[in-house]
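Notes follow the structure.
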Amino acid sequence: MIYLDYNATTPVDPRVLAAMLPLFTEEFANPASTHGSGRAVADRVESARRQVTEAVGAPGHGVVFTGGATEAANLGVRGLLGGLVPTPGRSRVLVGAGEHKAVLEACRVATAGGRGLPAVVRVNRDGSLNLDHLRALLDSDVALVVVMAANNETGALNDLRTISRLAHDAGALVLSDVTQAVGKVRLALDDWKVDLAVLSGHKIYGPKGVGAVVARRDVLTRLTPVVVGGSQERGVRPGTLNTPGIVGLGAAAELAAARLRADARRLTRLRRLLYDLLVQRLPAVGVNGPVNADGRPRGGLPNTLNLRFAGAPADAVLTCLPEVAVSAGSACDSGSDEPSHVLLATGLSRTEALESLRFSLGRPTTETEVRRAAEQVAAAVEHVRGLRGAMARWRDVSSRQSDSGRTGRGDRRGTVAPW
C-alpha cells in the first residue's frame, strides 16, 4: 500500500514510541499522587506542556491536555463561551466556512443556548478565510472568532496575525485550530496574539487519543469544563491523565518543530513531482487550493495537494486504486455520500467537489512511492473517464435509435452496453 493520506492520520514515530513505553510499565504512577513516583510522572507531564507550547510558538501560554483535537475544540469553544458572561452587547460567534466539522458543530452547540447560530465567514477559492467578509461581520457584539491555521483539505493557510488584530480591535477573542499546521509550517501564536489554539497528537506522528488546548493563561482561567468530576488540569478537564499519550504528544511536538524546515523542503519537492507527473499524463486536472497565475500549486501546506479530475468521480477512481491510500475529503466525513463542505464553500459545484481527491504526503513518503502512485492514479482516472465516455456514447446511440424507432425509421434491434 502506498499511503498518501497523512492529513487523516500518521504513524507513531519510533522515537515518540520510545518516549512513551516507560509510562506503560516502569513510570506508571498517577501524576496526581503526591509520592515520589507520582511526582516523577507529573514532571514528565509538565515537560510535555513545555514541548507543546514551544512547537506552536507560544512559550508563555498554558496547556490543558484532552482526548484529542475534537475534545479540545469543544472545550475551547464551549468552555470559553461558557465562561463569558452572556450580555446583549457581546454574544455572537464568527466561524470560518472551511473549518473542521468538529469545530463547526462545537460552535453550533455552544451558541444554541441563547446566543443564536454562529455567523459563517466565507472562504476564498483556495479555502482561506475571506478577510473582507470577516471585516464586514466583525462588530462590537462578537465574542469569539474561530478560524483554523491551515485547511486540512486544500492546504490553504490563514493570516492569523491579521485575523487576530481585526478581532481584537472589535473586542473579540480568537480561537485557532492548528492541528494540520503543527510541524508543517512555522507557528508563532504568541506573536500573532492568538488567544487559544487546539491540536492533536496523531497528526504529527504522535499517538491517537490525545490533544491539547493551548491558551493565554488569563484565558485558561475563564474556561468552564465540558466534563466534570475532578481537579485534574486545573479542574478544566477532570479525569486521570493519559500520561503515555501526553508524553508522546510532547515528544512528537518537539520532533515536529526540530524537523519542520527539512520536512517542508522535501515534501514541497515531492508534492511538485506528484502534480507534474499527473498533469503530464492527464488533461483537465485542476487544483483546489493555493495556485499561481498559471494554475500550478503554490504555498500552503507543503504536503497537501487537492486535485479535481474532471469527468472522473472520486469514488469511482478510489475503487480502481486498491494499492494507493488517498481520500475524497476529511476522514471525519468518511462513509458520507455528500461532497466536502470545504470544497463547496470554495465555490465548487457538487459535481466538481465529488470529482476531487486529496493527496497528503508524509515523513515516510519516498520519491519512488510518488512515482508509482502517480502512475496508478493516472491509470485509474483514464479508466473511469473511458467508462463514462463509453456509457455516454451508448446512451446517445440508444436514444437516437429509440427516436428512430418511434418514427418508423432505422434499425430497431437496439443496442448493447459496451461493457
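Within the 4.5 Å cutoff, side-chain heavy atoms of Tyr275 are placed close to those of Val287. In this structure, the side chains of Glu233 and Leu223 stay at 4.5 Å or more apart for every pair of heavy atoms. Looking only at side-chain heavy atoms (C-beta outward), Arg358 and Leu4 stay at 4.5 Å or farther from each other. Between Phe65 and Arg237 the shortest side-chain heavy-atom distance does not fall below 4.5 Å. With contacts defined as side-chain heavy-atom distances shorter than 4.5 Å, the pair Arg272/Thr268 qualifies. Looking at heavy atoms from C-beta onward, Leu138 lies in side-chain contact with Leu94 at the 4.5 angstrom threshold. The shortest side-chain heavy-atom distance between Val370 and Leu361 falls under the 4.5 Å cut-off. A 4.5 Å side-chain heavy-atom check between Arg92 and Asp139 finds at least one atom pair inside the cut-off.
Using bins of under 30°, 30° to 60° and over 60° for the plane-to-plane angle, the ring pair Phe309/Phe359 lands in the perpendicular bin.
In summary, of the residues considered (Arg296, Arg371, Arg281), a salt bridge (charged side-chain N to carboxylate O under 4.0 Å, His left out) with Asp276 occurs for Arg296 alone. Of the residues Val178, Val64, Val214, Val213, the one that meets the side chain to side chain contact (heavy atoms under 4.5 Å, CB included) test with Val198 is Val213. When the options Leu301, Asn303, Leu307 are evaluated for a side chain to side chain contact (heavy atoms under 4.5 Å, CB included) with Leu305, the one that passes is Leu307.
In this structure, Ser340 contributes its side chain and Val342 its backbone to a donor-acceptor pair below 3.5 Å. Proximity of a side-chain donor or acceptor of Glu369 to a complementary backbone N or O of Tyr3 within less than 3.5 Å is not detected. Proximity of a side-chain donor or acceptor of Glu355 to a complementary backbone N or O of Gly311 within less than 3.5 Å is detected. Side-chain N or O atoms of Glu99 include none that pairs as donor or acceptor with a backbone N or O of Leu104 at under 3.5 Å. Judged purely by atom type and a 3.5 angstrom limit, Arg44 has no side-chain atom pairing as donor or acceptor with the backbone of Thr243. Lys184 places no side-chain N or O within donor-acceptor distance of the main-chain N or O of Leu260, the cut-off being under 3.5 Å. Proximity of a side-chain donor or acceptor of Thr10 to a complementary backbone N or O of Tyr6 within less than 3.5 Å is not detected. Counting only distance, with no hydrogens or angles, the side chain of Ser327 and the backbone of Asp5 share no donor-acceptor pair below 3.5 Å.
Distance check: Leu131 CG to Leu166 CG gives 6.5 Å after rounding to the nearest 0.5 Å. Residue Asp177 holds its CG atom at 3.5 Å from OG1 of Thr179, rounded to the nearest 0.5 Å. With rounding to the nearest 0.5 angstrom, the CZ atom of Arg363 is 4.5 Å from the CG atom of Leu255. Note that the OG1 atom of Thr111 and the CZ atom of Arg78 stand 11.0 Å from one another [nearest 0.5 Å]. Rounding to the nearest 0.5 angstrom, the gap separating the CZ atom in Arg125 from the CG atom in Asn130 is 13.0 Å. With values rounded to the nearest 0.5 angstrom, His100 atom NE2 is found 5.5 Å from Asn152 atom CG.
A salt bridge between Arg15 and Glu254 is absent, with no side-chain N of the basic residue lying under 4.0 Å from a carboxylate O of the acidic one. Using a 4.0 Å cut-off between charged nitrogen and carboxylate oxygen, Arg161 and Asp191 do not count as a salt-bridge pair. Between Glu352 and Arg308 there is a salt bridge, with a side-chain nitrogen of the basic residue lying less than 4.0 Å from a carboxylate oxygen of the acidic one. Ion pairing between Glu105 and Arg108 holds under the 4.0 Å rule for side-chain N and carboxylate O. Ion pairing between Arg372 and Glu375 fails under the 4.0 Å rule for side-chain N and carboxylate O.
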> Can you check side chain to side chain contact (heavy atoms under 4.5 Å, CB included) on Leu137 and Val142, steps first, answer last?
Replying inline: CA-CA 9 Å; Leu137 292 176; Val142 176; over 6 Å; no
>> Could you go through Leu354 and Asp315, starting from their C-alpha distance and side-chain angles, then the distance that decides it, and tell me whether this counts as side chain to side chain contact (heavy atoms under 4.5 Å, CB included)?
In response: CA-CA 8 Å; Leu354 289 172; Asp315 57 351; over 6 Å; no
> How far apart are the C-alpha atoms of Asp126 and Val291, what are their side-chain angles, what is the distance that settles it, and do they pass the side chain to side chain contact (heavy atoms under 4.5 Å, CB included) test?
Replying inline: CA-CA 8 Å; Asp126 64 359; Val291 294; over 6 Å; no
>> For a side chain to side chain contact (heavy atoms under 4.5 Å, CB included) check, start with the C-alpha distance between Asn151 and Gln180, then their side-chain angles and the critical distance, and finish with the verdict.
In response: CA-CA 7 Å; Asn151 190 275; Gln180 290 292 345; over 6 Å; no
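The two residues Val103 and Ala73 make their nearest non-hydrogen contact at CG2-CB, 4.0 Å. Heavy atoms only, all atoms of each residue included: Pro238 and Val228 are closest at CG-C, 3.5 Å. Scanning both residues, Ala42 and Pro31, for their nearest heavy atoms gives CB-O, 3.6 Å. The two residues Arg385 and Ala312 come nearest to each other via the heavy atoms CG-CB, 4.1 Å. Across Leu81 and Ala110, no two heavy atoms sit closer than the pair CD1-CB, 3.6 Å. Nearest heavy-atom pair, His133 versus Val120, reported as atom, atom and distance to 0.1 Å: CE1-O, 3.4 Å.
Side-chain N/O atoms of His61 and Thr53 include no donor and acceptor closer than 3.5 Å. For the residue pair Asn7 and Thr304, a side-chain donor N or O sits within less than 3.5 Å of a side-chain acceptor on the partner.
In the displayed structure, Lys193 atom NZ is contacted under 6.0 Å by at most 12 heavy atoms of other residues, nucleotides or ligands.
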